[in-house]
Protein chains: 2
Amino acid sequence: MHSEAVASRSADQKGSRESRSGTPQLDAVSLAIVEQLQEDGRRPYAAIGKAVGLSEAAVRQRVQKLLDQGVMQIVAVTDPLTVGFRRQAMVGVNVEGDVESVADALAAMSECEYVVMTAGSFDLMVEIVCEDDDHLLDVINRRIRAVPGVRSTESFVYLKLKKQTYMWGTR
Amino acid sequence: MHSEAVASRSADQKGSRESRSGTPQLDAVSLAIVEQLQEDGRRPYAAIGKAVGLSEAAVRQRVQKLLDQGVMQIVAVTDPLTVGFRRQAMVGVNVEGDVESVADALAAMSECEYVVMTAGSFDLMVEIVCEDDDHLLDVINRRIRAVPGVRSTESFVYLKLKKQTYMWGTR
DNA sequence: CCGCGAAGTTGCGAAATCCGCAGACTATGA
DNA sequence: TCATAGTCTGCGGATTTCGCAACTTCGCGG
């Protein structure tokens, strides 16, 4: 069967090459490990090792490091609607002044599940998860717009989640 | 220590109440299990059982059912930039005709990682994950706009991912 | 009132998995 | 050349998973 390793063992280990943002780049083996765990977050280390051509212990160390470094996290994901959060929205934000500081402020809010800096007619896109309309209204009009530097916002209330995937690389 | 159960045991089991969309609603105990797995997708069943006030076997059964039903999935999540996908974008789409069929068409594309129907100045919001600029350009201008019913699109290229969480309920 | 099904609990043993550790191997830099 | 840091492998022992069986509880209908 597929006993050959995914990558040349002599290749450099993850972390050797850094992108400008300081995020460590992954080598082929770690990438393969991530893909395995994207298919099944509970897959045993030995099975992963067999798939990527590494020993069980080595896989364990790599996974641990990837988790420690924050490169990946192994979690349960759900459709928030199923878990009792009835209102979600994507909010486009326009900023005057330092965009990053505003992004940090928004990221600090527990209701902001997703914060990304963008190019285009919005400076930031923020995904909000709330329990009901009142909660959503409060977050958008009271909290987000209160952040210094926020010039304007535009909301897109979620009607229906059609797709949600976590399998990049697996294609 | 905290030996009391999270919810009244006499409460109805998950699946008893269905929302209009057919998605089963979760009871408090399953919700607590999901929260445990949102903190750590590999947490052992026994530990979860202790936390939510259930036996190891019961937790095992519930988790298996939640996975089978597709209510949750346990996976590794990463910042795509770290995994070699250099270009991402959120795309707002305006549709003429049946929105849902367009959403389905977009959801069928492997590059569309996230598809949601929204209220507001866009009918759909789609998150795209690509390897490079050429790929992104192709997906947006060639593939998405080719879908029947797509009237127009507006793109927001990702500059930096600031936050990405999966811990609803844990707050 | 009794039977029945769904869920949960306890208990158990075998198999699989996890985890820590010692030893070997390989670059890299002083 | 030697020391060091980073990985990988192999290997026990502890832990967890997994399937299974028997018994209890609870709610529902006949």
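Residue numbering restarts at 1 for every chain, and letters A, B, ... go by the order of the sequence lines.
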**Salt bridge present between A/E56 and A/K50 (N-O < 4.0 angstrom)** = no

**Prompt:** At under 4.0 Å, does any side-chain N or O of B/K65 touch on OP1 or OP2 of C/dA7?
**Reply:** yes

**Request:** Take atom CD of A/Q61 and atom C1' of C/dA24, then tell me their distance rounded to the nearest Å.
**Result:** 13 Å

**Message:** Looking at A/V115, is its backbone amide N or carbonyl O close enough to the side chain of B/K163 to form a donor-acceptor pair, meaning the two atoms are under 3.5 Å apart?
**Reply:** no

**Message:** Checking the side chain of A/D123 only, and the main-chain atoms of A/V95 only, is there a donor and an acceptor separated by less than 3.5 Å?
**Reply:** yes

**Request:** Give a yes or no on this: more than 12 heavy atoms of other residues, nucleotides or ligands lie within 6.0 Å of atom CZ of B/R86.
**Result:** no

**Prompt:** What bend angle does the helix from C/dC1-D/dG30 to C/dA30-D/dT1 show across its length, from five-pair end axes and to the nearest 10 degrees?
**Reply:** 30°

Can you give me the N/O atom pairs linking the protein to nucleotides 22-25 of chain D at distances under 3.5 Å, or say none if there are none?
none

**Prompt:** To the nearest Å, how far apart are A/R43 CZ and D/dC18 P?
**Reply:** 13 Å

**Complete:** B/I48 atom CD1 is separated from D/dC18 atom P, nearest whole Å, by 12 Å

**Message:** I need the minimum non-hydrogen distance between B/I140 and B/S155, along with the two atoms involved.
**Reply:** CD1-OG, 3.4 Å

**Request:** May I ask you to establish whether A/R42 and B/Y45 are in a cation-pi arrangement, using a distance under 6.0 Å from NZ or CZ to the six-membered ring centre and at most 45° from the ring axis?
**Result:** yes

**Item:** Phosphate OP1/OP2 of D/dT17: any A/R42 side-chain N/O under 4.0 Å
**Value:** yes

**Asked** Among the nucleotides D/dC8, C/dT9, D/dT9, which one has an atom lying closest to any side-chain atom of A/A57?
**Response** D/dT9

**Prompt:** How close or far is atom P of C/dA7 from atom CG of B/D27, stated in whole angstroms?
**Reply:** 10 Å

**Request:** Please answer whether the main-chain N or O of B/D98 pairs with a side-chain N or O of B/S101 as donor and acceptor at a distance below 3.5 Å.
**Result:** yes

**Message:** Please report the distance, rounded to the nearest Å, between CD in A/E56 and P in D/dC11.
**Reply:** 13 Å

**Asked** Using a cut-off of 4.0 Å on non-hydrogen atoms, how would the nucleic acid contact of B/A58 be classed: base, sugar-phosphate, or nothing?
**Response** sugar-phosphate

**Message:** Let me confirm one number: the CD-CD distance from A/Q73 to B/E39, rounded to the nearest 0.5 Å.
**Reply:** 12.0 Å

**Prompt:** Between the side-chain atoms of B/R60 and the base atoms of C/dG8, is any donor-acceptor pair under 3.5 Å?
**Reply:** no

**Asked** Do the charged groups of A/R87 and A/D134 touch, with an N to O distance under 4.0 Å?
**Response** no

**Asked** Nearest nucleotide by nearest heavy atom, which residue falls closer to the 5' end of DNA chain D, B/P44 or A/V59?
**Response** A/V59

**Length of the line joining B/L26:CG and C/dA7:P, which is rounded to integer Å** = 14 Å

**Message:** Please pick, from C/dC18, D/dT7, D/dT17, the nucleotide with the shortest atom-to-atom distance to any side-chain atom of A/R62.
**Reply:** D/dT7

**Presence of B/Y45 side-chain N/O under 4.0 Å of D/dT15 phosphate oxygens OP1/OP2** = no

**Asked** Between B/F156 and B/F122, what is the ring plane arrangement, given parallel below 30°, perpendicular above 60°, and tilted in between?
**Response** perpendicular

**Message:** Nearest whole Å is fine: how far is D/dT16 P from B/D40 CG?
**Reply:** 13 Å

**Request:** May I have the distance from A/Q36 (atom CD) to C/dT17 (atom P), rounded to whole angstrom?
**Result:** 14 Å

